[in-house]
Student: 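Submitted below is the structure of interest, expressed as structure tokens.
For reference, positions follow the sequence shown, starting with 1. Worth saying up front: this structure is predicted, and the values here are computed from it rather than measured.
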Amino acid sequence: MKKIIQLWCPSEGLVLDPYAGSGTTGHAVLELNQETEAKRKFILIEQGNSEKGDKYARSLTQERIRRVITGERPNQNGVLVQKRKPINSGFEFRILTKQIDASTVLTMKKDELVDLVITSHWENERRSSSNLIRIENNKCRYLVGKNDDNEGYFIIWNGDDQVGQLDLETYGTIIEEAKREKLNGPYHVYARYEVFQSNSVKFYKIPDKILAHLGLNENCDPYNEAEGEE
């Protein structure tokens, strides 16, 4: 793990491990910083659910990182004793209590939802064209990105900065923006409802499609039953 981090992360970079497990990645970063005088930081994400007796993130992941820093290790009797030289470092342990569900998606601000769409979108039937590039253009009201085939991606918003619907009026705006940016069809449109249909549009219902992109099901979602990501 140290070698991988050295190869891919700058000496003052940030290492992200979304499936932290026992905390091996964080352990490697801490020791590597001490050995090479680097200043890398890390973010570890691991699920915990105290209601079900599973305190994995708290009892294992963060405890391992704490012992790496303090130098404490259990002896033959299971008692923590000083066995290693302490590492001059530290970390924060946080619990994310906000659940990922339909209501969360619908209350997101525009920029938050755009980021979520860009980073989570995946078309199983077209894996080679699943990469999305964000488009920053103040002249475009709905256009947010494009894929490798130069197909436009749009999120419909109403005047209150909330998710709107695909209708004849918003479709007309989509066509104008697509032509202005020289994008190909079909046009991929995220909206709350679809009251207008066209062969040139692939419609994605918010929040259902976004939850599906994330591998979640709002009707039967194990993540919504958990205490939170830690």
Student: Examine the side chains of R64 and S22 and answer whether a donor and an acceptor come within less than 3.5 Å of each other.
Tutor: yes

Student: Looking at R58 and E63, does any basic side-chain N land under 4.0 Å from a carboxylate oxygen?
Tutor: no

Student: Are there over 12 heavy-atom neighbours, none belonging to K39, within less than 6.0 Å of that residue's NZ?
Tutor: no

Student: Just verifying a value: how many Å separate F196 CZ and L166 CG, rounded to the nearest 0.5 Å?
Tutor: 7.0 Å

Student: Is the closest basic N to carboxylate O distance between D111 and R134 below 4.0 Å?
Tutor: yes

Student: For the side chain of K83 and the backbone of P74, is there at least one donor-acceptor N/O pair under 3.5 Å apart?
Tutor: yes

Student: For the side-chain hydrogen bond (donor to acceptor under 3.5 Å, both in side chains) test, which of K202, H188, K146 pairs with E151?
Tutor: H188

Student: Is it true that, when you exclude E35 itself, more than 12 heavy atoms of the residues, nucleotides or ligands shown sit nearer than 6.0 Å to its CD?
Tutor: yes

Student: So, taking the atom named OG1 in T70 and the one named CD1 in I65, what distance separates them when rounded to the nearest 0.5 Å?
Tutor: 11.0 Å

Student: Taking everything shown except N75 itself, do over 12 heavy atoms lie less than 6.0 Å from its CG?
Tutor: yes

Student: Measure the CD-OG1 distance between E194 and T170 for me, rounded to the nearest 0.5 Å.
Tutor: 10.0 Å

Student: Would E31 and K2 pass as an ion pair if we require N to O under 4.0 Å?
Tutor: yes

Student: Please evaluate residues S200 and Y171 with respect to the criterion side-chain hydrogen bond (donor to acceptor under 3.5 Å, both in side chains), reporting the C-alpha separation (whole Å), side-chain torsions for both, the decisive distance (0.1 Å), and the verdict.
Tutor: CA-CA 10 Å; S200 62; Y171 175 72; 2.8 Å; yes

Student: Check this for me: Q197, atom CD, are more than 12 non-hydrogen atoms of other residues, nucleotides or ligands nearer than 6.0 Å?
Tutor: no

Student: When rounded to the nearest 0.5 angstrom, what is the spacing between OH in Y204 and CD1 in I156?
Tutor: 13.5 Å

Student: Does any non-hydrogen side-chain atom of L143 lie less than 4.5 Å from one of E181?
Tutor: yes

Student: What's the spacing between C140 SG and I174 CD1 if we round to 0.5 Å?
Tutor: 11.5 Å

Student: Should R180 and E177 count as an ion pair when the cut-off is N to O under 4.0 Å?
Tutor: no

Student: Is K41 atom NZ crowded by more than 12 heavy atoms from other residues, nucleotides or ligands, each under 6.0 Å away?
Tutor: no

Student: Within the structure provided, determine whether L132 and Y153 are in side-chain contact (heavy-atom separation under 4.5 Å).
Tutor: yes

